[in-house]
Structures are given as structure tokens and as C-alpha cells.
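Here is how names work: the chains are called A, B, and so on, in the same order as the sequence lines, proteins then strands, and each is numbered from 1.
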Amino acid sequence: MILSRDFYDRPTLAVARDLIGTVLVHDTAAGRVSGMIVEAEAYIGEGDPACHAAPGPTPRNAPLYGPPGVAYVYFNYGMHYLVNAVTEPQGSPAAVLIRALAPLEGLPLMRLRRTRGTGRRAAHLDEHEVCRGPGNLTRALGIGASQNRADLTRGALVIEDRGLDPGPLAWTPRIGIRVGTEHRWRVIAVGHPAVSGPKRRGGPAQP
DNA sequence: CGTTCGATGCACT
DNA sequence: GTGCATCGAACGT
């Protein structure tokens, strides 16, 4: 079932934790693609220096101040779109960044989108690499600027609870940021092969 | 194995 | 003009 507005209208850390194991679905003319969320990060309020709300309200971060359960998509590094789910009551700027998915539906279409326009061969993309990393998963799912402010509780871009079990969870510092690294606001499905990050060295999962 | 660095566009100072 | 919530190729050890 599709997650309700009330699901998102809660403290951001609780939403981030509960999003692990849910399914991000995007329906487009080319077909349906989806994946189980295995990695996410919380960005909480104007007091969080890494949150886009840190400078106060601006045109770009307006979705963070709006109602929960809405997508906040923005363009970064000149080439990547990143997708968030807005959390907390309206007026309280916070969101959860979706960082990695385990592909479920539409894997061939995802591979096509990942490799189109690049020199890479689709066959060289492992299943767990297709949606590993926030920029990679938006590319694979066909998420771009037109999905900014999309309602995640109905429509083409939604998040569903399908009763999947992501296994044990762990909290770590957020990655890829230069400020606000003191908070352990990144949550992952421990040991899942689709999780991003530098420590993917071989061997069993570390708790 | 590890680290560095270029690509590439825009919001904000 | 500066600095990104990134990615992956290229390079060094």
C-alpha cells in the first residue's frame, strides 16, 4: 500500500528509519521501475548546516517548508538529480534523501537509462550498482526536475509498503557533506550489496 | 589497494 | 566568483 501523508508527518529520523525496506516506484511512458530503499539520510531544519534549509527560505528549498509526503528534487554538481521525501509538519523544513535502492521492477529499463548517453556498456552494470548512490538512482528511475514537488502519496511517483524485510539496520554519519558530519543521520540496511559508500570491502556485514 | 581530479550547471553571496 | 547532499576514470603505491 502507498505510504500515507501521516507517515511523513513525523520526526525525520523515524521516517528515515521506516523508509528502509519500502519501495520507491516511478511509472512513466517507458514502463514501471521500482526498488526497495536500502539507504537514506535525514536533513533536519535550519539548524542543520548540511540541510538546504540552513540559509532560511529560498526559492529552491521552498518544498522543504511545504506539506510532508512531497518530493524535493534538486540538481547538483551540474549533472545529478537527487530526490528527497519531505517530512515533519508544514513549516518545519526537513526531508529524507534517498541514497540507494535494490532494484525490483524494470531492471532492463533502469540499465538502459543508466547507460544511455554514457560510454558504458549496460552489460557491465551489476544489478546492485544500478541504483547505488543518489545520483545513480534518479537516473535509473527517470527522476528529474519535473518530479520536484510531486505528491508521493498518489500519482506516478510514490513510495509503497510491500511488507519487505530489509534486514538489520544501522546508523552512520552522513556522507558526501562537509558540514554537519557529527550527526549519525544516515541509515542503511546492513550488508546489503546496493548500499553506497567507501567501505564495501569484501567479507561479511559489519554491525 | 588507495587517492585525486575533471565534468558540468546553478543557487546563493 | 564560490561551492556544492556526485560519479567514475585516472593515477599513485
Requested in this report: Using whole Å, report how far CD of A:Glu129 lies from P of C:dT6.
Outcome: 18 Å
Report task. Name every residue in residues 91-99 of chain A that has at least one heavy atom under 4.0 Å from any atom of DNA chain C, in order of residue number, or write none if there are no such residues. Result -> A:Leu97, A:Arg99
**Report entry** Aromatic A:Tyr72 / basic A:Arg60 pairing, under 6.0 angstrom, 45° off normal
**Finding:** no
Query raised in the report: What is the nucleic acid contact for A:Gly78, judged by heavy atoms within less than 4.0 Å: base, sugar-phosphate only, or nothing?
Result: base
**Report entry** Which nucleotide in B:dC12, C:dG8, C:dC7 has an atom nearest any side-chain atom of A:Pro59
**Finding:** B:dC12
Query - Passing option when A:Ile44 is tested against A:Val96, A:Thr87, A:Leu13 for side chain to side chain contact (heavy atoms under 4.5 Å, CB included) - result: A:Leu13
Query raised in the report: A:Arg186 CZ to C:dT6 P: how many Å, rounded?
Result: 11 Å
Requested in this report: Starting at atom CG of A:Leu82, determine the distance to atom P of C:dC7, rounded to an integer number of angstrom.
Outcome: 7 Å
Query - A:Tyr81 OH to C:dC7 P, straight-line distance once rounded to whole Å - result: 15 Å
Query raised in the report: Within the pair A:Asn136 and C:dG8, is there a side-chain N or O less than 4.0 Å away from OP1 or OP2?
Result: yes
Query raised in the report: When rounded to the nearest Å, what value does the distance between P atoms of C:dA10 and B:dT8 take?
Result: 14 Å
Query - Face-on cation placement of A:Arg10 at A:Tyr8 ring, 6.0 Å and 45° thresholds - result: no
Requested in this report: In whole angstrom, give the distance that lies between atom CD of A:Glu41 and atom P of C:dT6.
Outcome: 8 Å
Query raised in the report: Are any of A:His80's side-chain N or O atoms less than 4.0 Å away from OP1 or OP2 of C:dA5?
Result: no
Query - Donor-acceptor under 3.5 Å (A:Arg111 side chain, A:Leu125 main chain) - result: yes
Query raised in the report: Roughly how many Å is it from CZ in A:Arg178 to P in C:dT6, rounded to a whole number?
Result: 11 Å
Requested in this report: Under 4.0 Å between any heavy atoms, over every strand shown, what does A:Phe75 touch: base, sugar-phosphate, or nothing? Just pick one.
Outcome: sugar-phosphate
Query raised in the report: Using atom P of each nucleotide, how far apart are C:dA5 and B:dT13 to the nearest Å?
Result: 14 Å
Query raised in the report: Of all the choices, B:dT13, C:dA5, C:dT6, which nucleotide is nearest to the side chain of A:Ile177 once you look at every atom?
Result: C:dA5
Query raised in the report: Given atom CG of A:Asn84 and atom P of C:dC4, what is their separation to the nearest angstrom?
Result: 17 Å
Query - Within-4.5 Å side-chain heavy-atom neighbours: A:Arg174 and A:Tyr43 - result: yes
Query raised in the report: Do A:Arg186 and A:Trp171 have side chains that get closer than 4.5 Å, going by heavy atoms?
Result: no
Query raised in the report: Where the side chain of A:Met79 is concerned, which of C:dC7, B:dT8, C:dA5 is the nearest nucleotide?
Result: B:dT8
Query raised in the report: Partner of B:dG2 by Watson-Crick or G-U wobble geometry, both contacts under 3.5 Å, or none?
Result: C:dC11
Requested in this report: Specify the separation, in whole Å, of atom CZ of A:Arg132 and atom C1' of C:dG8.
Outcome: 13 Å
Query raised in the report: Side chains of A:Pro57 and A:Glu46: does their closest heavy-atom pair fall under 4.5 Å?
Result: yes
Query raised in the report: Within the stacking criterion (centroid distance below 5.5 Å, interplanar angle below 30°), does A:Tyr43 stack on C:dA5?
Result: yes
**Report entry** C:dA5 - base-pair partner by Watson-Crick or wobble geometry, distances under 3.5 Å
**Finding:** none
Requested in this report: Say whether, by atom type as modelled, one donor and one acceptor occur between the side chain of A:Asp151 and the main chain of A:Thr153 under 3.5 angstrom.
Outcome: yes
